[in-house]
Enquirer: 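A single structure is presented below for examination.
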Amino acid sequence: MNRIKQRFEVLKQQGRKALIPYIVLGDPAADVTLPVMHALVEQGADILELGVPFSDPTAEGPVIQKAHERALAHGSSLRDALTLVKQFRETNAATPVILMGYANPIERLGYQHFIELALDAGIDGVLTVDLPPEEAGEFNQQLGEAGIENIFLLAPTSSDKRQKMVAEMAGGFIYYVSLKGVTGAGNLDVVSVKQHVDHIRTLTDLPVCVGFGIKDGASARAVADLSDGVVVGSVLVSKMAELAACGEASPRAFSQAVSSLVAEMRDALDN
Amino acid sequence: MNKKASIDFNQMPDAHGHFGPYGGRFVSETLIYALDELESIYRSLKDDPEFQAQFDYDLAHYVGRPSPLYFAERWTRETGGAKLFLKREDLNHTGAHKINNTIGQALLAKHTGKQRVIAETGAGQHGVATATVAARLGLECHVFMGEEDIQRQSLNVYRMKLLGATVVPVTSGSRTLKDAMNEALRDWVTNVDDTFYIIGTCAGPHPYPELVRNFQSVIGREARQQSLAQTGKLPDALVACVGGGSNAIGLFHPFLADESVAMYGVEAGGFGLGTGKHAAPLNDGIPGVLHGNRTYLMEDENGQIIETHSISAGLDYPGVGPEHAWLKDIGRVKYVAIDDDEAMDAFRHLTRIEGIMPALESSHAIAYAEKLARQMDPDQTIVVNLSGRGDKDILTVAEIDGITL
Ligand SMILES: Cc1ncc(COP(=O)(O)O)c(C=O)c1O
């Protein structure tokens, strides 16, 4: 069974919510990502979302844009992401890993070839920001055949018709974008999130996780109470950026920095 | 049998905005609703006589259309070969073809009731054209512009400010047009409820390539009639520069079904096609996905979009409208490149022998048309799209000449 499904079943039995941290591959340096991934898991991350850097990340706010730029400055690529996850799997066979990114690097590699490499690396899900259902057709089918979950976004602006369409195509979980805006924006509206999540639940049995705008234990808890889990990105990335700006280079320092943030959120979700 | 003859060019794109494998709607979920809304407003107004009449009225009385089709007699004589005609988009209000499109999109914006418009700009011509229509309609206007372009095109920046627009400097990525477009998309996602995005070229997600083409097609419709009236026949060839491709598709589209008319889209060859430092994706790029559509792109082996180079800010873009990608593949239009030096020579030449100073973008078309004319007969005609005037480029040219103004 796909690790994402498995993980949500376990969480459900335990009555717990999923904590899904997001970091960018190769940010700020190639040797940082793997230790940080392990550290995130140690602190209680349920699923890891690995951002694949792209030159034109149109859905990202300034914090994550800069992370993409830092990673690209030393040539991080989709191939590197696949290699890295394969390494991660050498010592972790249980934690689901999702690649989140944009269509063009995958298109360049070739969709089918990408899927072969992703299977080999042990990737469980893919979230391609600029491949909405209309454009994802064939890739979605190929992913399905390979047993890799294709994760789709739903937004506050998604019409009822689209919510149904996405619910039909989506795998893994539904990623509900909590606000109109880019990643890292601050205008989270819990009442609106509740309405939308409740409605999505009437359309699908998939878990619904919420991302964008979650920045601490309190906001994570508030949103998790209404859903099945939270995706946390900009706060982690911004912490790493602070360290990088101070000239920090030791992978351990980065692991420690994100650890405390993730531990706080885990605690808020569980207690 | 000729495959092209069976294509109905007016039926493109298909219902999902695809031109063959190109085009489409590759955007994040939040924007789909805004694109759906735009498409339904456009569909409801497209064939509405009142909307069309308003558009025609504005083009006639505000823009100053029809723009002349001018027989460049001296240029023709000195070149030797086919007769060279200039479609004078440089004479439009604000000095380029861009205004045709902004008039159209502003009318759509008005119907949505949204009070804020945003735009991306490279050379600043589209920014100026957007700021202009915003001033006229009393709309709040934010124009995103790469920091590098702000320096190259400082005159246009000041024009936009005088018109009441806010020019937002973009410091991410390569700080040029593509990054300005990224930033405009981010703003739109954030302010989607009250903001209308006026895209400046026939790129971006569906329905933009289609509606920009249709608004710009006034260029080709006029050129067709003017050619028939002035020469008694259709032109033998059309030449236009291609950045995103809006002035080119505007000229080409009404002629696509006329098989006798050859078409040449001229990309920016920058330092030369062999150097990799250019902005010619149709000549030297590969298909990929950027800014909401699939098209030819300049990218590296990892699918990262690479920095382009052109002396003209308006052509300095790593992608191209999806309809051009398709027209290239089916062989209906030939895409060629002109490098910086050739464009500069053409700029100086046309200025001196016709008293017409072309935009550096349009100078690429001028340079290619001259080469083409020499290979053609004196009884043949070429229509060149003079997409804009060169006043905005004077500082760039002066700098090349080592002069500080
Ligand atoms: C005068 C002029 N011509 C051409 C272009 C290129 O745009 P397009 O290819 O969409 O016509 C620009 C863009 O700024 C321009 O200002």
Side-chain angles (χ1 to χ4, degrees), chain A residues 52-62 65-66 68-69 71-72 75-81 101-110 114 127-137 152-159 161-163 165-166 175-177 179-183 185 187 212, chain B residues 15-18 21 23-37 40 170-174 178-195 204-206 286-295 297-307 318-319:
Chain A
V52 180
F54 182 48
S55 52
D56 296 83
T58 47
E60 318 298 347
Q65 275 173 51
K66 296 225 171 65
H68 284 238
E69 286 181 15
L72 288 174
S76 300
S77 68
L78 178 56
R79 277 183 190 278
D80 295 338
Y102 294 79
N104 203 50
I106 305 180
E107 180 131 340
R108 183 66 194 234
L109 206 54
F114 165 75
L127 198 174
T128 314
V129 180
D130 52 354
L131 270 188
E134 286 86 347
E135 304 293 352
F152 285 96
L153 302 171
L154 277 176
T157 55
S158 304
S159 68
K161 195 174 130 211
R162 291 189 60 74
Q163 294 188 36
M165 177 158 95
V166 166
Y175 185 141
Y176 178 68
V177 176
L179 48 83
K180 293 170 197 152
V182 290
T183 50
N187 43 334
F212 286 39
Chain B
H16 299 289
H18 293 125
R25 210 175 250 187
F26 294 83
V27 295
S28 69
E29 178 65 25
T30 312
L31 284 181
I32 299 269
Y33 127 95
L35 295 167
D36 278 343
E37 179 189 58
S40 88
V170 175
T171 56
S172 55
S174 61
K178 91 172 165 74
D179 309 283
M181 196 148 178
N182 290 339
E183 215 45 46
L185 286 165
R186 291 180 187 120
D187 181 292
W188 200 28
V189 160
T190 307
N191 302 297
V192 63
D193 290 328
D194 69 349
T195 296
H206 178 63
I286 74 158
V289 173
L290 179 71
H291 292 153
N293 66 107
R294 179 177 286 122
T295 187
L297 299 173
M298 304 272 301
E299 59 175 63
D300 68 12
E301 71 282 1
N302 292 317
Q304 308 296 348
I305 307 306
I306 56 177
E307 283 186 30

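Residue numbers begin at 1 in each chain, while the letters A, B, ... track the order of the sequences.
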Enquirer: Nearest 0.5 Å please: distance from the OG1 atom of Thr195(B) over to the NZ atom of Lys180(A).
Expert: 11.0 Å
Enquirer: Salt-bridged, Arg186(B) to Glu60(A), with N to O below 4.0 Å?
Expert: no
Enquirer: Starting at OG1 of Thr30(B), measure out to CG of Leu153(A) and round the result to the nearest 0.5 Å.
Expert: 7.5 Å
Enquirer: I'd like to know if Arg108(A) pairs up with Glu301(B) as an ion pair, taking the criterion as any Lys NZ or Arg NE/NH1/NH2 lying under 4.0 Å from an Asp or Glu carboxylate oxygen.
Expert: no
Enquirer: Before you tell me yes or no, could you show the steps for Arg294(B) and Glu107(A) under side chain to side chain contact (heavy atoms under 4.5 Å, CB included), namely the whole-Å CA-CA distance, both residues' side-chain angles and the distance that decides it to 0.1 Å?
Expert: CA-CA 10 Å; Arg294(B) 179 177 286 122; Glu107(A) 180 131 340; 2.6 Å; yes
Enquirer: Sort Val192(B) into side chain, backbone, both or neither according to what part of it lies under 4.5 angstrom from a heavy atom of chain A.
Expert: side chain
Enquirer: Quick one: CG on Asp56(A) to OG on Ser172(B), what's the gap to the nearest 0.5 Å?
Expert: 8.5 Å
Enquirer: Can you say whether Ser159(A) sits under 4.5 Å from chain B via the side chain, the backbone, both, or neither, judging by heavy atoms?
Expert: neither
Enquirer: Can you measure from OG (Ser55(A)) to CG (Asn182(B)) and round to the nearest 0.5 angstrom?
Expert: 8.0 Å
Enquirer: Is Glu299(B) in contact with chain A via its backbone, its side chain, both, or neither, using a 4.5 Å heavy-atom distance?
Expert: both
Enquirer: Quick check on the interface: out of Val177(A), Leu72(A), Thr58(A), Ile106(A), who has the most heavy-atom pairs with chain B under 4.5 Å?
Expert: Thr58(A)
Enquirer: Tell me, for Pro53(A) versus chain B, whether the close heavy atoms (under 4.5 Å) come from the side chain, the backbone, both or neither.
Expert: backbone
Enquirer: Looking at Asp300(B), Leu185(B), Asp187(B), which has the largest count of heavy-atom pairs under 4.5 Å with chain A?
Expert: Asp300(B)
Enquirer: Examine the side chains of Glu135(A) and His18(B) and answer whether a donor and an acceptor come within less than 3.5 Å of each other.
Expert: yes
Enquirer: Rounded to the nearest 0.5 Å, what separates atom NE2 in His291(B) from atom CG in Asp130(A)?
Expert: 10.5 Å
Enquirer: Between Leu78(A) and chain B, which part of the residue has a heavy atom less than 4.5 Å away: side chain, backbone, both or neither?
Expert: neither
Enquirer: Of the non-hydrogen atoms in Thr190(B) and Gly181(A), which two are nearest, and what is the gap between them?
Expert: OG1-CA, 3.6 Å
Enquirer: For the pair Gln304(B) (side chain) and Asn104(A) (backbone), establish whether a donor and an acceptor sit closer than 3.5 Å, ignoring hydrogens and angles.
Expert: no
Enquirer: Picking from Ala59(A), Ala103(A), Pro57(A), which has the most non-hydrogen pairs under 4.5 angstrom with chain B?
Expert: Pro57(A)
Enquirer: Need one label for Ser76(A): side chain, backbone, both or neither, based on atoms under 4.5 Å from any heavy atom in chain B.
Expert: backbone
Enquirer: Quick one, Glu29(B) with Gln163(A), criterion side chain to side chain contact (heavy atoms under 4.5 Å, CB included). Give me CA distance, side-chain angles, the key distance, then yes/no.
Expert: CA-CA 10 Å; Glu29(B) 178 65 25; Gln163(A) 294 188 36; over 6 Å; no
Enquirer: Please look at Leu154(A) and chain B and tell me whether the side chain, the backbone, both or neither of the residue comes under 4.5 angstrom of a heavy atom of that chain.
Expert: both
Enquirer: Drop me the distance from Ile305(B)'s CD1 to Phe54(A)'s CZ, to the nearest 0.5 angstrom.
Expert: 4.5 Å
Enquirer: Considering only heavy atoms and a distance below 4.5 Å, find which of Val189(B), Leu31(B), Ile286(B) pairs most often with chain A.
Expert: Val189(B)
